[in-house]
Engineer: 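One structure follows; several queries about it will come next.
Residue numbering restarts at 1 for every chain, and letters A, B, ... go by the order of the sequence lines. Only this structure's heavy atoms are used, side chains among them; waters, hydrogens and symmetry mates stay out.
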Number of protein chains: 2
Amino acid sequence: MTAADQPPDRSARPVDPAPQAAPADPVAAIAAAWERERPGTPVSSIGIVTPIWRLAKLLGDDRRRVLARAGIDAATLDLLSVLRRQGPPYTLSTRELGQRSLVTAGAVSQRVARAEREGLVTRAPGAGRPRTVQVTLTEAGHALVESTVDQVLTREADLLTGLTDAQQRELTELLRLLLSDVQRRLGDDRITHVGQE
Amino acid sequence: MTAADQPPDRSARPVDPAPQAAPADPVAAIAAAWERERPGTPVSSIGIVTPIWRLAKLLGDDRRRVLARAGIDAATLDLLSVLRRQGPPYTLSTRELGQRSLVTAGAVSQRVARAEREGLVTRAPGAGRPRTVQVTLTEAGHALVESTVDQVLTREADLLTGLTDAQQRELTELLRLLLSDVQRRLGDDRITHVGQE
DNA sequence: TCGAATGCGTTTAGATCTAAACGTAGTCTG
DNA sequence: CAGACTACGTTTAGATCTAAACGCATTCGA
């Protein structure tokens with residue numbers, strides 16, 4: 001389906017050239033389209049939000065394909081990685097896992113159940129606190145992380161080489177600022193864990 | 001693996017070991033943790049990829065909640081918006097819809113079926129090309145876009161106010177560069193376009 | 001002209017996630 | 001000391017997506 005091998009009439013086709021503006025910047029074209037169709041539409045966020053979603057989608061799909069060949073899914077690798085990064089004894093409660101992976105408690109429960117079924121982690125009642133459950137990486141889980149993490153990170157680093165080192169540093173800093181600010185704004189009116197104990 | 005280390009744990013008390021490093025920069029903490037646990041791990045991409053995923057997740061979840069109150073889901077709004085932006089007669093083939101929304105043909109088919117069931121769009125055999133199907137926005141669909149798009153975009157613009165105008169412009173430019181480059185690397189035969197709002 | 005190759009949209013199978021309902025177990029309050 | 005409350009993890013219901021298998025016209029090559 002590559003547009004590459006379409007010798008003849010491809011360019012001669014009177015396909016409606018869609019009033020779309022620049023193929024050079026599809027994101028800007030979205031904002032322009034809104035302005036054209038609905039003058040006054042508050043398009044200021046599009047230049048940032050849309051590329052973020054698109055990049056997340058593209059990178060996520062790519063990672064999924066890479067991991068499929070390694071016999072693991074992104075959600076499970078996320079779980080195992082969080083535990084692996086923690087260092088010995090590679091243990092965290094499901095609550096902590098949820099906070100670190102940004103998914104709901106239900107999702108954590110399901111992820112852990114899947115990983116446990118595959119022998120990648122173990123579950124044990126938390127000794128310390130009340131009703132906590134401690135999740136620990138098994139040998140097999142540890143080995144799986146070791147054999148895939150470099151692969152995934154290297155692949156992603158390759159995908160970013162279109163930016164110079166200076167641009168990457170600049171982008172990192174801006175994203176750091178934005179993420180911390182957005183997290184603060186969304187966090188305030190949501191969770192309200194009152195200090196326990 | 002790119003989860004992130006957490007937003008300030010407000011329920012934490014003066015207890016626990018957790019030698020967690022910087023609550024100031026959770027993303028940098030992830031890279032630091034890999035370095036500590038596995039010296040040599042290729043962490044260079046984490047500063048960019050992780051915040052992108054986290055921001056996409058936070059913004060997506062927030063949008064979903066905003067739209068839930070308006071009685072529509074993000075996927076449907078995406079579909080209707082693409083058609084609305086197109087301008088009269090607000091029509092596109094399912095193929096084009098897929099390219100613009102970055103989802104598979106199967107997903108488009110399902111989205112269109114749902115929207116059609118709700119009377120937001122209509123489906124008609126494509127007059128021009130072979131087996132194409134033209135999807136068109138109905139009065140109700142048009143009205144729904146009009147009543148929700150500003151709400152969503154305004155909300156998102158508010159979430160970005162933590163960055164100055166200059167920073168937003170800088171970020172927009174860097175994201176534009178990165179997105180176009182990543183898109184090119186991942187194969188031009190998949191996308192070309194635009195998609196969210 | 002006829003069968004193979006293409007292109008397109010739909011359907012189906014399987015996976016994952018969120019939200020909400022639960023089931024408990026410690027913890028306040030009066 | 002009893003009942004309400006709070007914190008946690010699990011379960012369930014419902015939604016959406018990808019990947020792959022299809023069903024079918026249209027076009028192409030011999």
Engineer: Report the distance from atom CG of A/Leu92 to atom P of D/dC8, rounded to the nearest whole Å.
Structural biologist: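 It is 14 Å, rounded to the nearest whole Å.
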Engineer: Look at A/Arg95 and D/dT10 and indicate whether a side-chain polar atom (N or O) is within less than 4.0 Å of OP1 or OP2.
Structural biologist: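 Checking D/dT10 against A/Arg95, no side-chain N or O comes under 4.0 Å of OP1 or OP2.
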Engineer: Within this structure, what is the CG-to-C1' distance between A/Leu67 and D/dT18, rounded to whole angstrom?
Structural biologist: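 In whole Å, D/dT18 C1' and A/Leu67 CG are 15 Å from each other.
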Engineer: To the nearest angstrom, how far is A/Leu77 atom CG from C/dA15 atom P?
Structural biologist: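 Distance, rounded to whole Å: 19 Å.
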Engineer: Could A/Arg123 and A/Glu116 be called an ion pair, given the rule that one side-chain N must be under 4.0 Å from one carboxylate O?
Structural biologist: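 Looking at A/Arg123 and A/Glu116, the cut-off is met.
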Engineer: Compare side-chain N and O positions of B/Thr94 against OP1 and OP2 of C/dG9 and report whether any pair is under 4.0 Å apart.
Structural biologist: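 For C/dG9, OP1/OP2 do have a side-chain N/O of B/Thr94 under 4.0 Å.
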Engineer: May I ask you to decide if A/Asp158's main-chain N or O and A/Thr161's side chain share a donor-acceptor pair within less than 3.5 Å?
Structural biologist: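 It does hold such a pair.
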Engineer: Closest approach to the side chain of B/Lys57, judged atom by atom: which nucleotide of D/dT11, C/dC17, D/dT18 is it?
Structural biologist: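 Nearest nucleotide to the side chain: C/dC17.
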Engineer: Whether B/Arg155 and B/Asp62 form a salt bridge (side-chain N of Lys/Arg under 4.0 Å from carboxylate O of Asp/Glu) is what I want to check.
Structural biologist: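 Yes.
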Engineer: Of the nucleotides D/dG9, D/dA13, D/dC17, which has the atom closest to the B/Ala107 side chain?
Structural biologist: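 Nearest to the side chain of B/Ala107 among the choices is D/dC17.
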Engineer: Do B/Asp73 and B/Thr76 get their side chains close enough for a donor-acceptor pair, meaning under 3.5 Å?
Structural biologist: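 Per modelled atom types, B/Asp73 and B/Thr76 side chains form a pair under 3.5 Å.
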Engineer: Quick one: B/Asp62 CG to C/dC17 C1', roughly how many Å, whole number?
Structural biologist: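 In whole Å, C/dC17 C1' lies 17 Å from B/Asp62 CG.
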Engineer: Any side-chain N or O of B/Thr132 under 4.0 Å from OP1/OP2 of C/dC8?
Structural biologist: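 Indeed not, no polar side-chain atom of B/Thr132 lies that close.
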Engineer: Side-chain N or O of A/Arg64 versus OP1/OP2 of C/dT16: is the shortest distance under 4.0 Å?
Structural biologist: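 A/Arg64 to C/dT16 OP1/OP2: no side-chain N or O under 4.0 Å.
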Engineer: Answer with base, sugar-phosphate or nothing: what part of the nucleic acid does B/Val108 contact at a heavy-atom distance below 4.0 Å?
Structural biologist: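 Contact class for B/Val108: none.
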Engineer: What is the nucleic acid contact for A/Val103, judged by heavy atoms within less than 4.0 Å: base, sugar-phosphate only, or nothing?
Structural biologist: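 Here A/Val103 touches the backbone only, sparing every base.
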Engineer: In whole angstrom, what separates A/Glu96's CD from D/dA7's P?
Structural biologist: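 The answer, rounded to whole Å, is 16 Å.
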Engineer: Select one nucleotide: of C/dT16, C/dT10, D/dT10, the one nearest the side-chain heavy atoms of A/Arg123.
Structural biologist: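 Nearest to the side-chain atoms of A/Arg123, counting from C-beta on, is D/dT10.
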Engineer: Side chain of A/Gln110, heavy atoms from C-beta onward: which of D/dT18, C/dC17, D/dT16 has the nearest atom to it?
Structural biologist: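 Selected nucleotide: C/dC17.
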Engineer: Which whole-number value in Å describes the distance from A/Gln99 CD to D/dA7 P?
Structural biologist: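 Answer to the nearest Å: 13 Å.
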Engineer: Of all the nucleotides listed (D/dA19, C/dG9, C/dT16), which has the minimum atom distance to the side chain of B/Thr104?
Structural biologist: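 Closest nucleotide to the B/Thr104 side chain: D/dA19.
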Engineer: Given D/dT10, C/dT12, D/dT16, which nucleotide is nearest the side-chain atoms of A/Val133?
Structural biologist: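 Nearest to the side-chain atoms of A/Val133, counting from C-beta on, is D/dT10.
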Engineer: Which nucleotide in the set D/dT18, C/dC8, C/dC17 lies at the smallest distance from any side-chain heavy atom of A/Arg111?
Structural biologist: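 Ranking D/dT18, C/dC8, C/dC17 by closest atom to the A/Arg111 side chain puts C/dC17 first.
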Engineer: Give a yes or no answer on whether the side chain of B/Gln168 reaches the backbone of B/Leu160 with a donor-acceptor pair at less than 3.5 Å.
Structural biologist: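 Here the side-chain-to-backbone pair exists.
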Engineer: Is there a donor in the side chain of A/Thr91 and an acceptor in the side chain of A/Thr136, or the other way round, less than 3.5 Å apart?
Structural biologist: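 Present: a donor and an acceptor within the cut-off.
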Engineer: Write down the distance between CG (A/Leu102) and P (C/dT16), rounded to a whole number of angstrom.
Structural biologist: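 Distance check: A/Leu102 CG to C/dT16 P gives 18 Å.
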Engineer: Whole-Å distance between D/dA19 C1' and A/Asp73 CG?
Structural biologist: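 Atom CG in A/Asp73 sits about 15 Å away from atom C1' in D/dA19.
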